[in-house]
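Values reported hereafter were calculated over all heavy atoms of this structure, with side chains retained and with hydrogens, waters and symmetry mates removed. What you are looking at is a predicted structure, and each value in this text was computed from that prediction instead of being measured. Just so you know, ligand 1 is whichever comes first in the structure, and atom 1 is the first atom listed for that ligand.
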Amino acid sequence: MDALWSLDEVVVVPGGKPIIFFSILALADVGDEVIYPNPGFPIYESMINYVGARAVPIQLREERDFGLDVNEFASLINDRTRLIILNSPQNPTGGVLNKKEIHDIADAIGDRNIMVLSDEIYSRLIFEGEHFSIMSIPGFKERTILLDGFSKTYAMTGWRMGYGVMRADLAAHMTRLMTNSNSCTASFTQIAGVEALRGDQSSVDRMRDEFMRRRDAFVLGLNSLKGFSCRMPKGAFYAFPNTTGTEWPSKKLADALLEDAGVACLSGTAFGDFGEGYLRFSVANSLENLTKALERMGQWGAKNL
Ligand SMILES: Cc1ncc(COP(=O)(O)O)c(C=O)c1O
């Protein structure tokens, strides 16, 4: 079978983050607009602001299982839109955009000359349905930068390795940014990455099944806590409960849980303004510790809510 991609369309970098950094640096300028998910991975908004472009949030809505309203999305696109960032499965909500939603997004973009940064780093950690990339829609291969990496699928976060797949002319610019900043991704790390890709993939499925077991238990526990309600995330390894029932602002609640109950989570506002009213927990921890965290939060709630 012919390869779908040639080597000059792939840029290997130290982690997923450099692809985000380089894409925004290469494509967005003062006066340009970039649409990004909110709540979303914080580097998107910070980098857009850093380059002087305008950060235009598309709100991910709980009532849509943290998907987006495509009409609202379409209304944000204009002549200044330069880049659109998608992330599915999503950090911090665990939301997954299905094939229809991605097609609707593609239809809203139409044939405009807008690039899409599709952050698919959690694509193998999906619990329901199948992963679908906008890059596979005719006309989008040329306009998409696909981000993937080894931090999530192979739990190789500290190894620092990721990659972007894109048009060769754009890849040449990304390579220049990469060469002038990091020189290269460590060669021995790349060899480990090749082994991970070529090796037995059953460990990835086992890890996903284990995350699913923890997700089920943890979300059940969260839903029994006073003031918390949590949707079942469809991918990644996070739970993103709505905590408005506690009547505590998210940041204050996250700080209190850490200081008084010894439970570490992030305020939803760490992921943008639309994260107010939510907390983000990671289930990349043992079931034993997750159970302990739920017990402690229950005790804290009994005293403070
Ligand atoms: C949505 C998303 N994209 C990219 C990354 C970056 O991962 P890396 O550790 O490979 O830089 C993360 C890490 O948390 C993430 O959640």
Ligand 1 contact on Gln90 by region, counting heavy-atom pairs under 4.0 Å: neither
Using a strict cut-off of 4.0 Å, indicate which atoms of ligand 1 neighbour a heavy atom of [X].
| X | answer |
| --- | --- |
| Gly15 | 10 (O), 11 (O) |
| Ser151 | 8 (P), 9 (O), 10 (O) |
| Gly16 | 8 (P), 10 (O), 11 (O) |

Compute the minimum heavy-atom distance from [X] to ligand 1 and say whether it is under 4.0 Å.
| X | answer |
| --- | --- |
| Tyr44 | yes |
| Met161 | no |
| Tyr122 | yes |

Please state which protein non-hydrogen atom is closest to [atom] and give its distance, to 0.1 Å?
| atom | result |
| --- | --- |
| atom 7 (O) of ligand 1 | Ile121 CD1, 3.6 Å |
| atom 13 (C) of ligand 1 | Lys152 NZ, 2.8 Å |
| atom 11 (O) of ligand 1 | Arg160 NH2, 2.8 Å |
| atom 2 (C) of ligand 1 | Asp119 OD2, 3.4 Å |
| atom 5 (C) of ligand 1 | Phe41 CE2, 3.4 Å |

Pair Asn223-Phe218, side-chain contact (heavy atoms from CB on, under 4.5 Å): steps then yes or no: CA-CA 9 Å; Asn223 279 320; Phe218 195 65; over 6 Å; no
Any N/O pair Asn91/ligand 1 closer than 3.5 Å: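 Yes - when backbone and side-chain N and O of Asn91 are compared with those of ligand 1, one distance drops under 3.5 Å.
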Heteroatom proximity flag, Asn87 to ligand 1, N/O under 3.5 Å: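 In fact, backbone or side chain, Asn87 has no N or O that close.
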Answer with yes or no whether the side chains of [Y] and [X] bring together a donor and an acceptor at under 3.5 Å.
| X | Y | answer |
| --- | --- | --- |
| Arg82 | Asn113 | no |
| Ser133 | Glu120 | yes |
| Glu288 | Thr291 | no |

Asp209: salt bridge (Lys or Arg N to Asp or Glu O under 4.0 Å) partners, not counting sequence neighbours: none
Salt bridge (Lys or Arg N to Asp or Glu O under 4.0 Å) involving Arg213 - partner list, sequence neighbours excluded: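 Glu210.
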Aromatic ring pairing Phe150/Tyr163, orientation class (parallel under 30°, perpendicular over 60°, tilted between):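 If you compare the ring of Phe150 with that of Tyr163, the planes turn out perpendicular.
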Ring geometry between Phe237 and Phe211 (parallel below 30°, tilted from 30 to 60°, perpendicular above 60°): tilted
Check: Asn180 side chain, Arg176 main-chain N or O, donor-acceptor pair, under 3.5 Å: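 Judged by distance alone, yes, a pair lies under 3.5 Å.
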